[in-house]
Amino acid sequence: MNQYNNPLRTGEANMVTTDRYNPHGREPKWQKYWDQIGLLRAMEVQKDAGGQTRPNPKKAYILVMFPYPSGDLHMGHLKNYTMGDLLARFRTQQGYSVLHPFGWDAFGLPAENAALKFGVSPADWTFANIQQSTESLNLMGIRYDWSREVTTCLPDYYQWNQWIFLKMYEQGLAYRKKSYVNWDPVEQSVLANEQVIDGRGWRSGALVEKRELEQWYLKITDYAERLLSDLDTLPRWPEKVKAMQRAWIGKSTGAEFEFQVKGHAARIRVFSTRPDTIFGATFMVLAPEHELVAQITTPEQKAAVEAYVTAARLKSEVERQLEDREKTGVWTGVYALNPANGKEIPVWIADYVLAGYGTGAIMAVPGQDQRDWEFAEKFGLEIVRTVQPPPDFSGKAYLEDGPAINSDFLNGLYMDDAKKRIIAWMEGNGIGEGRVNYRLRDWLISRQRYWGTPIPMIHCERCGIVPVPYEQLPVELPTLRDVDEIRPKGKSPLAAHPEFYVCDCPQCGSQARRDTDTMDTFVDSSWYFLRYADALNPNQPFDPEKADFWMPVDQYIGGVEHAILHLLYSRFFTKFLHDIGLVQAQEPFEGLFTQGMVQGWTDVGEVEVSGETIQFKNLERRAKLEIPETLTLEEARKSGAELRTHDDGTVHFWKAATMSKSLGNGVMVGPFVREQGADIARITILFAAPPENEMIWTEEGVQGAWRFLNRVYRMVAEHLVELKAQGDHNPALLEGADKNLYQKLHQTIKKATEDIEALRFNTAIAALMELLNTMGEYRKEQGITPVYRHVVLCYLQMLAPFAPHLSEELWHQFHNASVFSAPWPRLDEAALVADSFELVVQVSGKVRGKTTVSAQASEDEIRRLARELPNVQQHIGGKEVLKEIYIPHKLLNIVVKG
RNA sequence: GCCGGGAUGGCGGAAUGGUAGACGCUACGGACUUAAAAUCCGUUGGGCGCAAGCCCGUGUGGGUUCGAGUCCCAUUCCCGGCACCA
């Protein structure tokens with residue numbers, strides 16, 4: 001029997017021989033085998049001994065965020081799928097009923113853009129990619145219950161998007177509204193707030209414009225409070241994701257109240273989190289878009305106000321931000337009356353007040369608000385402090401707590417009391433009331449694009465907006481093959497297709513027009529995890545009973561980039577579906593794990609080094625990888641970059657960067673697995689770093705993985721005959737080296753089980769490596785024994801979720817069944833108790849000696865033994881012993897005077 | 001500015017308040033080999049010492065404790081997110 005040869009290393013990539021484990025030949029064999037035995041086929045019910053069916057009491061729903069079908073995959077794509085596969089196999093071994101499904105987030109712009117670029121239809125492009133991606137997953141040994149595959153661009157699926165939309169419409173949660181919306185000039189479509197990052201479209205990167213359009217919205221704001229407070233029910237979510245969602249929902253508590261405009265019937269409503277500071281409100285500010293602006297502005301100020309409003313409207317979000325936050329504004333010419341003290345205060349217009357938040361107007365309290373302070377300073381407005389700052393306070397606006405001053409009946413009260421008092425006063429005098437506000441806005445879901453779910457609504461001249469009757473679902477997306485028909489033109493491409501939009505009104509029967517917009521693709525991904533529970537159901541989105549069996553997802557794995565978008569929308573949809581009685585779960589994902597990216601070494605391009613300074617020739621790459629324009633050799637070295645001399649003599653700058661198609665630094669799955677094997681790839685990914693950290697894929701890491709698996713292979717292969725000849729062992733009768741080995745096994749079982757359950761895969765592998773080292777030492781001295789054989793078999797079981805092919809191959813040398821059908825090794829707690837232990841002896845907190853002590857030794861005896869150690873004696877000297885601290889089975893600390 | 005997370009050898013990283021550096025990578029030395037690769041053995045935080053052993057060491061400064069990488073206070077830096085949200 002030969003080594004587990006790395007075919008690439010030995011230059012024998014295509015050599016298949018019978019006497020060596022060649023992953024090239026063996027891995028596909030086991031992959032086929034798993035498919036044949038139905039590994040990871042999810043089962044809701046299980047036969048018990050009496051032939052009755054009953055739900056399996058233990059279920060595990062392991063889910064990895066489904067991808068856009070993007071063709072050939074690289075190792076960066078596969079990290080999370082590998083993790084999901086590992087967990088699914090592990091839970092299978094533990095006897096759980098496992099759901100590990102897969103699908104494709106197939107609608108959306110990538111398909112359209114590819115269609116436009118290559119002149120193929122989005123559907124053809126999508127399905128070709130699905131096929132390629134599936135192949136990569138298969139090669140990696142990743143197994144799913146493919147019978148539940150979900151592809152969102154198929155009517156089987158998206159008809160239920162339409163169904164859910166109609167249900168929301170019935171509940172008043174889907175509505176149409178005319179408003180200023182985010183318009184992406186590159187995508188030629190509107191975007192949701194969540195899809196605008198720093199004022200730019202999240203995919204196109206184009207500066208987003210404001211357009212006034214009538215669009216469909218989902219009323220996620222109705223769920224703001226539950227989306228916020230239920231975050232506290234998710235202890236297995238990363239703190240940072242919860243923090244991001246909290247910030248996005250942006251709850252603030254305060255009051256909403258009104259100011260009378262002097263000489264007008266109009267009142268200005270404002271929201272404030274600090275109503276207690278109302279006596280310090282020395283002016284008011286309206287957003288430029290505020291509806292009262294035109295109404296109240298005096299003729300003298302009209303020209304200035306109009307100019308300001310027009311300018312503000314033309315400015316993009318980014319432009320507003322780039323202007324260094326310098327306050328701008330203009331006076332309307334009118335005054336309002338402060339209801340607290342009757343003072344006349346001027347009403348201004350400024351773009352630091354946002355139209356979309358609160359009421360679009362504020363009372364400005366410069367004494368307690370830094371922005372108002374800056375505005376007041378710039379325009380010479382009055383500043384009155386209403387909270388007493390501490391004597392040493394040297395800032396401008398004072399935001400902290402303190403006793404109220406200049407505030408009539410609030411004087412002396414601290415913030416909380418003052419707030420309560422003023423709100424009671426407002427409510428008593430009909431001026432306003434306490435109120436909670438959220439930053440979260442309703443979700444704009446209309447898109448003026450082709451490749452998405454048609455919105456199931458009909459516009460009838462007589463009846464207005466009429467929902468498509470349920471029995472007419474799905475409203476199918478017509479197949480457009482001509483690229484020009486898909487091209488975005490500022491309105492939906494479907495608006496050019498009467499064969500799609502011309503229809504009869506379901507209410508009056510007259511000719512009507514379908515809505516030609518499609519839904520945001522985030523609708524597709526907001527409930528797909530529920531469809532997996534019952535993916536083939538033709539009558540409803542899913543059978544509630546099946547959903548209740550599987551939900552919630554026990555472990556969800558995906559990228560942190562979805563912290564707000566997908567994860568918030570999914571929580572919203574789940575709560576809605578719960579409310580209409582379709583699922584009991586109120587939260588979709590009980591455990592969430594955000595994995596770190598996979599990086600690869602990347603050629604940033606040729607550089608020239610003059611003295612200490614590095615000069616880049618490929619400026620585009622340099623900028624893309626965010627490398628500073630001027631860089632010294634020292635800085636480059638510190639950042640982990642390397643200069644490499646290429647064969648042609650040129651010097652190139654290399655650094656680790658996230659694997660991506662555009663950088664061309666991805667290690668492609670197909671070629672790698674065919675040459676080196678899937679198990680090696682899996683170990684490389686899982687061992688290199690904790691899974692939440694980014695990992696750098698390196699040749700050295702691959703070598704390490706290979707050496708490890710090679711040693712495992714030889715552990716079995718080199719001693720196969722002897723191993724097979726061993727009989728049973730009796731754990732109770734083990735002694736000496738046998739007992740120690742058995743103990744190490746159970747320590748490893750404990751550690752590996754706990755680590756896998758906590759997704760600490762790197763330390764689980766480290767524990768397996770340690771056990772392998774121990775086994776090697778044992779074998780050298782004891783040879784092959786019954787207990788050794790037992791350890792080998794447990795070893796293969798524990799390795800199986802990490803390196804399934806090799807484990808299955810070796811397991812089959814002993815058993816004629818899958819390693820995944822054998823129960824996970826049971827922990828023998830008794831085995832963890834050793835006969836003896838190493839006592840660490842400290843003198844005044846410093847380690848001065850170690851000695852092996854029998855586990856049965858009494859504490860007195862241990863103290864005596866410790867003092868006998870020569871080095872311990874020396875450090876005690878003749879000094880007085882103050883006290884001794886004994887930690888059983890671990891440590892004795894002798895504290896001496898001086 | 002606010003919020004979240006960090007800082008441990010040459011590198012990735014281990015350590016329920018109890019032996020800091022598990023496991024691996026790199027590097028170096030050795031065995032095997034005609035040679036190389038692979039494999040195996042050894043060394044690998046710094047300093048002193050022939051050795052036994054000693055001193056120092058987890059960003060920085062304090063504190064709590066018999067004992068601190070771990071807990072507390074302060075501080076610096078790094079990464080991520082948010083940012084005129086009243």
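In what follows, every chain begins at residue 1, and chains take the letters A, B, ... in the order their sequences are listed.
Distances were taken from every side-chain heavy atom of Phe271(A) (C-beta onward) to each of A86(B), U39(B), U26(B); the shortest belongs to A86(B). With G5(B), U39(B), C66(B) as the candidates, the nucleotide lying closest to the side chain of Lys883(A) is C66(B). Out of G5(B), C84(B), A86(B), the shortest distance to the side chain of Thr273(A) is found at A86(B). The Asp369(A) side chain lies nearest to A86(B) when the options are A86(B), U26(B), G24(B). Nearest to the side-chain atoms of Arg439(A) among the listed nucleotides G4(B), C82(B), C84(B) stands C82(B).
Each of Arg441(A) and Gly701(A) has a nearest nucleotide on RNA chain B; the 5'-most of these lies closest to Gly701(A). Summary of the strand contacts: Ala243(A) and Ile362(A) both lie near RNA chain B, and taking for each the nucleotide with the nearest heavy atom, the more 5' one is attributed to Ala243(A).
Taking atom P on both nucleotides, A14(B) is separated from C28(B) by 27 Å, rounded to a whole Å. Remark: the separation of the C1' atoms in A7(B) and G59(B) is 6 Å, to the nearest Å. With C1' as the reference atom, C56(B) and G49(B) are 15 Å apart, rounded to whole Å. A gap of 31 Å separates the C1' atoms of C40(B) and C50(B), to the nearest Å. Comparing A83(B) with C2(B), their C1' atoms sit 8 Å apart, to the nearest whole Å. With P as the reference atom, C78(B) and C84(B) are 23 Å apart, rounded to whole Å. As rounded to the nearest Å, G13(B) and C48(B) have C1' atoms that lie 30 Å from one another. Spacing between G45(B) and A31(B) at atom C1', rounded to whole Å, works out to 28 Å.
Regarding Glu561(A), its CD atom lies at a distance of 12 Å from the P atom of C82(B), rounded to whole Å. Atom-to-atom, CG of Leu772(A) to P of A22(B) comes out at 17 Å; the value is rounded to the nearest Å. Computed from coordinates, the Leu565(A) CG to G81(B) P distance equals 13 Å when rounded to whole Å. Between the C1' atom of G67(B) and the OH atom of Tyr886(A) lies a distance of 17 Å, rounded to the nearest Å. Between Trp706(A) atom CH2 and A38(B) atom P there is a gap of 7 Å when expressed in whole angstrom units. The distance between atom NZ of Lys846(A) and atom C1' of G67(B), rounded to the nearest whole Å, is 12 Å. Residue Trp697(A) contributes atom CH2, which lies 15 Å from atom P of C25(B) at whole-angstrom precision.
Under the 90° criterion around 0 for the glycosidic angle, G69(B) counts as anti.
Between the side chain of His719(A) and the main chain of Met715(A), no donor-acceptor pair closer than 3.5 Å is present. A donor-acceptor contact shorter than 3.5 Å is absent between the side chain of Arg682(A) and the backbone of Ala803(A). A donor-acceptor pair under 3.5 Å is absent between the side-chain atoms of Tyr795(A) and the main chain of Leu745(A), judged by distance alone. With hydrogens and angles ignored, the 3.5 Å screen pairs no side-chain donor or acceptor of Asn871(A) with any backbone N or O of Gly849(A). Remark: the backbone N or O of Gly596(A) is paired with a side-chain donor or acceptor of Lys79(A) at under 3.5 angstrom.
When the side chain to side chain donor-acceptor pair (under 3.5 Å) test is applied to Thr684(A), no partner is found at least two apart in sequence or on another chain. With sequence neighbours excluded, the residues forming a side chain to side chain contact (heavy atoms under 4.5 Å, CB included) with Gln743(A) are Asn740(A), Gln747(A), Ala834(A), listed by chain and number. With sequence neighbours left out, the side chain to side chain donor-acceptor pair (under 3.5 Å) criterion links His566(A) to Tyr556(A), Ser570(A). Take Glu868(A) and apply the side chain to side chain donor-acceptor pair (under 3.5 Å) test, not counting sequence neighbours, and it matches Arg864(A). Residues forming a side chain to side chain contact (heavy atoms under 4.5 Å, CB included) with Ala281(A) (at least two apart in sequence, or on another chain): Asn338(A), Met363(A), Val365(A). Residues forming a salt bridge (charged side-chain N to carboxylate O under 4.0 Å, His left out) with Lys890(A) (at least two apart in sequence, or on another chain): none. Residues passing the side chain to side chain donor-acceptor pair (under 3.5 Å) test with Ser229(A): none are found, sequence neighbours excluded.
For A86(B), one of the phosphate oxygens OP1 or OP2 lies less than 4.0 angstrom from a side-chain nitrogen or oxygen of Tyr357(A). Residue Arg714(A) has a polar side-chain atom (N or O) positioned under 4.0 Å from OP1 or OP2 of C40(B). Distances shorter than 4.0 Å separate none of the side-chain N or O atoms of Lys897(A) from OP1 or OP2 on C66(B).
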For nucleotides 43-53 of chain B, which of its nitrogen or oxygen atoms have a protein nitrogen or oxygen under 3.5 Å away, and what is each distance?
none

Hey, what are the protein-to-nucleotides 10-19 of chain B N/O distances that come in under 3.5 Å?
residue, atom, partner, partner atom, Å
G12(B), O2', Ala688(A), O, 2.4
G13(B), OP1, Asn693(A), ND2, 2.9
U16(B), O4, Lys890(A), NZ, 3.2
G18(B), N2, Gln842(A), OE1, 3.4
G18(B), N2, Asn893(A), ND2, 3.4
U19(B), O2, Lys850(A), NZ, 2.4
U19(B), N3, Glu838(A), OE1, 3.3
U19(B), O4, Glu838(A), OE1, 2.9

Pairs under 3.5 angstrom, nitrogen or oxygen only, protein versus nucleotides 68-76 of chain B, please.
none

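Asn437(A) comes within contact range of no nucleotide atom at all, as no heavy-atom separation falls under 4.0 Å. Residue Arg707(A) is classed as a sugar-phosphate contact, given heavy-atom separations below 4.0 Å to backbone atoms only. When heavy atoms are screened at a 4.0 angstrom cut-off, Thr698(A) is found touching no nucleic acid atom at all.
Between the side chains of Tyr569(A) and Glu194(A), at least one donor-acceptor pair of N or O atoms lies under 3.5 Å. Side-chain contact of Ser252(A) with Asn437(A): a donor-acceptor pair under 3.5 Å is absent, judged by distance alone.
Under a cutoff of 6.0 Å and an axis angle of 45°, Lys327(A) and Tyr352(A) form a cation-pi pair.
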Verdict with reasoning, Thr748(A) to Glu770(A), per side chain to side chain donor-acceptor pair (under 3.5 Å): CA-CA 8 Å; Thr748(A) 307; Glu770(A) 234 181 288; over 6 Å; no
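Consecutive pairing runs in RNA chain B reach the stem threshold at B:1-7 with B:76-82, B:10-12 with B:23-25, B:27-31 with B:39-43, B:45-48 with B:53-56, B:59-63 with B:71-75, where a stem means at least three Watson-Crick or G-U wobble pairs with distances under 3.5 Å.
A donor-acceptor contact under 3.5 angstrom links the side-chain atoms of Lys327(A) to the base of C84(B).
Screening residues 247-256 of chain A for salt bridge (charged side-chain N to carboxylate O under 4.0 Å, His left out), with sequence neighbours left out, gives Glu225(A)-Lys251(A), Glu256(A)-Arg269(A), Glu256(A)-Arg435(A).
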